[in-house]
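Okay, here's the structure, questions in a sec.
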Amino acid sequence: MRNVLIIGSGISGMACAVRCAEHGIHVTLVSPFSSERSQSVMAAGGINAVLPELENGDSVACHIEDTLKGGACLGGRRAVTGLCEHGEEILRYLESIGTVFSVDKEGHPLRRAFGGQSHKRTYYCGASTGKQIVSALVMEARRYEAQGVIRRKLRSSFYSALIRDGVCYGAMLYDEAGGNIEAVYADALVVATGGQNALFGKTTGSTLCDGYVAGKLFMQGAELKNLEFIQYHPTALETAQKRILISEAGRGEGGRLFIDRNGERFYFMEDKYGPNGNLMTRDVISREIDALGGSAFLDISFLGKKLIDGRLPEIRDICSKYAGIDVNREPIPVQPSVHFFMGGLAVHLDHETNIRNLFAVGECASMYHGANRLGGNSLLAAVYSGRVAADTLAERNRTDSERPDFSRELESESAKLVRSSETESRFPVMYIRDMLAETMQKQLGIVRCKENLMQGLHDIDYYLSIAEHLNFDSSVMPYYNYSLTGILTLARATVKCALFRKESRGAHYRSDHPERDEKYRAATIISYDDGNFCLRLDEGGAYES
Amino acid sequence: MKVKILRQLSPDSSPYWEIFEYDGPLDNSVAGVLDYINYHDDISDVEGNATTRIGWECSCLQGMCGACAMVVNGKPVLACETFVRDFHGKDIEIRPLRKFPVVHDLMVDRSSIHENLKAANICIGEYRPSEDTDFEHQYTAAKCLKCGLCLEVCPNYVNGRSFYGAAFANDCYLVASRNQSKSRMIGEIYGRAFGRDCSKSLSCMDVCPVKIPTLSSIARLNRLK
Ligand SMILES: Cc1cc2nc3c(=O)[nH]c(=O)nc-3n(C[C@H](O)[C@H](O)[C@H](O)COP(=O)(O)OP(=O)(O)OC[C@H]3O[C@@H](n4cnc5c(N)ncnc54)[C@H](O)[C@@H]3O)c2cc1C
Ligand code: FES
């Protein structure tokens, strides 16, 4: 292939762009804002890999087993094997482009323990692993930009894909500077647009991740997978605008979770799971906190100022800055928060969707993590998936058939946007996003049941019916107007998936079906057919094997 | 409390001041104030006249991405980590960064930062670090948010056409420290686009949200010559 259009410039989009450029493929890299603003910069903890200087007893095979086990048997063995086997290569690559990993005196990268893993294999860059990787990739992408191989297109957002007869030919983009829609043709389209935070409003992540692209592509025929699996992080600090992640390191260093019971501290995790109770996996702790009313305290004060200043300065600073809390003296109020989406666009092992020449990489694609993701595996997957897609594109010949003419679609979509923008709504479009978030937080929480999910579906249908007739809200960017239906449709699909899976597995817990049911040991696939949502299990492993 | 905001609806329209009444929580950040004014109710100015919602940029809302850089009460800051409580009841004045073209209200076009680095070809190429690699300084320098606060406050940075500012210098340091064979090339371009004209006011270091000691980068780059 000769030219590729990539939407999204976080770690996965940039990894794909740079690899394409290495293959000599010309790339147009689209995002509304620069890579420094992407959610990828927020990843703190680290990236998993098994290097030759491994912890005693560790191996790539252990990493594979941990990932499959963490994913509650829904990850595909071939896919996960590919991911884990490339861990070392990816870490070396990141080092070679200048990622500043934390190292010991001899210059060997340091690793830390992360939840759900049998060995220490999470390599890190201080407390800003994602940011350091982004900085290195930005510089590497810049090299190819200077050569004219990668062209960045900022202030531009995805509008829809150019698809005809199951083949993708590029995308329509909304150009903010010009205020118009344009068609950008390419031999292939790669989406790298991250998770779906906007469905839930306040999360630990970025406001730029809204799920619109996945929702719109779904409406255009792309299949989605495993949407019901949403990872909650048990310890987040609530602020007016968001939930700030309080890293697992706090508990790793000995921090204790408790709730207040009649003026006494009740250490609920230790009480139920023994002395290591505070280190249980994210989903278990989140469910325990949920059952106790939804919030708890994390105490690290007794660890001492020296340890806190030396090993937990980020937690200290976040608490003091955003909540006026001195962690040396007070416990931190915490609550679970939506953190990561295991579900997304269904892709095959080469990261192609069911639509030819349409690829998805990074968090917007559903792959590797099964029903629950291990900390440190998503950064690895972001880089790996970007490279896998690029390698596939390099090997593939261009579609011989002549490119269809999309000028009519472009004209009609442009006219639709102009017509809509000539109307004026007094009702802010953001209020519907807020209402959706409230519904999703309430009805698709840590513990679900049929009743809640049906109510959620009912609410979303109501918002969809409003969205259809809503006039234009000129007080926000047009993107917020045209993206609404796609976001709501994705939310509807998510609730549908949660209703479909009548069992509890990984991050999906149904109080009306609390047990795991081997009948459901396969990925959920949802497709859209003229307004109908069709569900099935991918029993043959057509996507991920 | 009054919040005075310098607004501008589009790149080529004229800027104007608008004043809002803020009666929201006092533990809010300035980013929280903007959200509150925009979405607490129908938006109107201090005299009750209906107006449009305020445009501003955000992503992480916790000081990690640099999106929300603006000037608050005369100081270039990140809105999401600047708090109302620190103004002790005083009114708040917000304006966009002045060294970049305004896109809409408080949103500015900072692409010149990247464009300058690209034009000067500031990239590592091959990884050949020097023996005495200072990981700690590299780590801090690579945390640069490209938010533009250092350029806003710099007395020598005008519009980025000839003097490229601290963000540029720190990336130059990163390249020089990771690929020794580029030292010379970097030394030259750094001298031309930064070293020659930097008057060492070092105000860039005072406002840097991730506290990059740019002076250390400068010292190391000066040794390249
Ligand atoms: C607080 C936090 C801590 C984390 N820590 C870790 C960790 O320690 N280890 C780990 O492995 N993982 C971690 N993760 C998860 C990890 O950071 C993400 O999964 C990963 O960075 C996703 O990268 P990405 O490239 O897929 O997407 P993103 O980095 O989210 O990038 C998405 C890109 O798409 C663009 N975009 C979005 N919508 C559109 C549109 N409509 N049109 C055009 N462009 C669009 C965005 O602007 C952005 O450029 C963490 C996540 C959070 C929130
Ligand atoms: S929104 Fe990211 S720094 Fe303020």
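Bear in mind that the values here come from a model prediction, so they are computed numbers and not experimental data. Each chain gets a letter, A, B and so on, in the order its sequence line appears, and its residues count up from 1.
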Part of B:L117 within contact of chain A (heavy atom distance under 4.5 Å):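 Both the backbone and the side chain of B:L117 come within 4.5 Å of chain A.
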
Residue-level contacts of residues 7-16 of chain B with chain A, using a heavy-atom cutoff under 4.5 Å: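 Listed by number: none.
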
Please give me the minimum heavy-atom distance between B:I124 and A:G98, naming the atom from each residue.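 Closest approach of B:I124 to A:G98: CD1-CA, 3.8 Å.
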
Structural part of A:V103 lying under 4.5 Å from a heavy atom of chain B: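 The answer is the side chain of A:V103.
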
Just checking B:R184: does its CZ atom have more than 12 heavy atoms from other residues, nucleotides or ligands closer to it than 6.0 angstrom?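 No, CZ of B:R184 has 12 or fewer neighbouring heavy atoms, counting only those of other groups under 6.0 Å.
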
Which bit of B:N28 is near chain A, if near means a heavy-atom gap under 4.5 Å: side chain, backbone, both or neither?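 B:N28 touches chain A through side-chain heavy atoms alone.
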
In terms of heavy-atom proximity below 4.5 Å to chain A, should B:N179 be classed as side chain, backbone, both, or neither?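 Nothing of B:N179, per the 4.5 Å heavy-atom cut-off to chain A.
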
Determine the option with the most heavy-atom pairs under 4.5 angstrom with chain B, choosing from A:G126, A:A240, A:P32.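 Of the candidates given, the most pairs with chain B belong to A:G126.
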
Spatial distance of atom CD (B:Q138) from atom OG1 (A:T99) [nearest 0.5 Å]: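 If we round to the nearest 0.5 Å, B:Q138:CD and A:T99:OG1 are 11.0 Å apart.
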
For chain B, find which of A:M477, A:M139, A:R142 contributes the most heavy-atom pairs closer than 4.5 angstrom.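 Winner by heavy-atom pair count: A:R142.
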
Residue among A:M42, A:E140, A:Q132, A:R155 with most heavy-atom pairs under 4.5 Å to chain B: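 Most pairs with chain B among the choices: A:Q132.
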
Interface moiety of B:R110 toward chain A, non-hydrogen atoms closer than 4.5 Å: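 For B:R110, the contact with chain A is made by the side chain alone.
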
With a 4.5 Å cut-off on heavy-atom pairs, point out which of A:Q39, A:R152, A:R37 contacts chain B the most.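 So the answer, after comparing A:Q39, A:R152, A:R37, is A:R37.
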
Please list, in residue-number order, every residue in residues 43-62 of chain B that has a heavy atom less than 4.5 Å from any heavy atom of chain A; write 'none' if there are none.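 Against chain A, the residues of residues 43-62 of chain B that fall inside the cut-off (heavy atoms, under 4.5 Å) are B:R53, B:W56, B:E57, B:C58, B:S59, B:C60, B:L61, B:Q62.
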
Heavy-atom proximity to chain B below 4.5 Å, by part of A:Q147: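 When you check distances to chain B, no heavy atom of A:Q147 falls under 4.5 Å.
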
Which bit of A:Q241 comes within less than 4.5 Å of chain B, counting heavy atoms only: side chain, backbone, both or neither?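 The answer is both parts of A:Q241.
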
Name the region of A:S474, side chain, backbone, both or neither, that has any atom closer than 4.5 Å to a heavy atom of chain B.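 Neither part.
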
Could you check if a side-chain atom of A:K131 sits within less than 4.5 angstrom of a side-chain atom of B:M64, using non-hydrogen atoms only?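 No, their side chains stay 4.5 Å or more apart.
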
Salt bridge (Lys or Arg N to Asp or Glu O under 4.0 Å) contacts in which one or both residues fall within residues 113-125 of chain B, not counting sequence neighbours: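 For residues 113-125 of chain B: B:E115-B:K118.
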
Under 4.5 Å heavy-atom distance to chain A, tell me which part of B:C80 shows up: side chain, backbone, both or neither.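 Both the backbone and the side chain of B:C80 come within 4.5 Å of chain A.
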
Nearest-0.5 Å distance that lies between atom NZ in A:K321 and atom OG1 in B:T82: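 Between atom NZ of A:K321 and atom OG1 of B:T82 there are 9.0 Å.
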
Is B:S29 in contact with chain A via its backbone, its side chain, both, or neither, using a 4.5 Å heavy-atom distance?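 B:S29 touches chain A through side-chain heavy atoms alone.
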
Counting only heavy atoms closer than 4.5 Å, note whether B:Y36 contacts chain A via side chain, backbone, both or neither.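 Answer is neither: B:Y36 stays 4.5 Å or more from chain A.
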
Let me know if B:A31 has heavy atoms under 4.5 Å from chain A in its side chain, its backbone, both or neither.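 Both parts, backbone and side chain.
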
Going by atom types alone, do B:Y139 and A:S128 pair a side-chain donor with an acceptor below 3.5 Å?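 A donor-acceptor contact under 3.5 Å links the two side chains.
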
Is the CZ atom of A:R311 crowded by more than 12 outside heavy atoms at less than 6.0 Å?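 No, not enclosed.
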
Start with the C-alpha distance between A:M430 and B:N38, add both sets of side-chain angles, then the distance that settles side chain to side chain contact (heavy atoms under 4.5 Å, CB included), and finish with yes or no. CA-CA 10 Å; A:M430 295 311 259; B:N38 269 343; over 6 Å; no

For the residue pair B:F135 and A:F101, what are the closest heavy atoms and their distance?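 Looks like CD2-O, 4.3 Å.
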
Highest number of heavy-atom pairs under 4.5 Å with chain B: which of A:N197, A:I97, A:T207?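 Going by pairs under 4.5 Å, I would pick A:T207.
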
Could you grab the distance from atom CG of B:L174 to atom OG of A:S135, nearest 0.5 Å is fine?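 Result: 7.5 Å between the selected atoms.
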
How many angstroms lie between CD in B:E136 and OG in A:S102, if you round to the nearest 0.5 Å?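 Rounded to the nearest 0.5 Å, the CD-OG separation comes to 9.5 Å.
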
Checking A:K242 against chain B: side chain, backbone, both or neither under 4.5 Å from a heavy atom?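 It is the side chain, since no backbone atom gets that close.
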
Does any non-hydrogen side-chain atom of B:H114 lie less than 4.5 Å from one of A:L154?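 Result no, sub-4.5 Å side-chain heavy-atom pair not found.
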
Top contributor to chain A interface from B:D42, B:N121, B:I122, B:I113 [non-hydrogen pairs under 4.5 Å]: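 So the answer, after comparing B:D42, B:N121, B:I122, B:I113, is B:I122.
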
By side chain to side chain contact (heavy atoms under 4.5 Å, CB included) - contacts of A:T129 (at least two apart):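 Partners of A:T129 by the side chain to side chain contact (heavy atoms under 4.5 Å, CB included) criterion, ordered by chain and then number, come out as A:I47, A:Y124, A:C125, A:I133, A:L379.
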
Select one option (side chain, backbone, both, neither) describing which atoms of A:V476 are under 4.5 Å from chain B's heavy atoms.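 Contact with chain B is through the side chain of A:V476 alone.
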
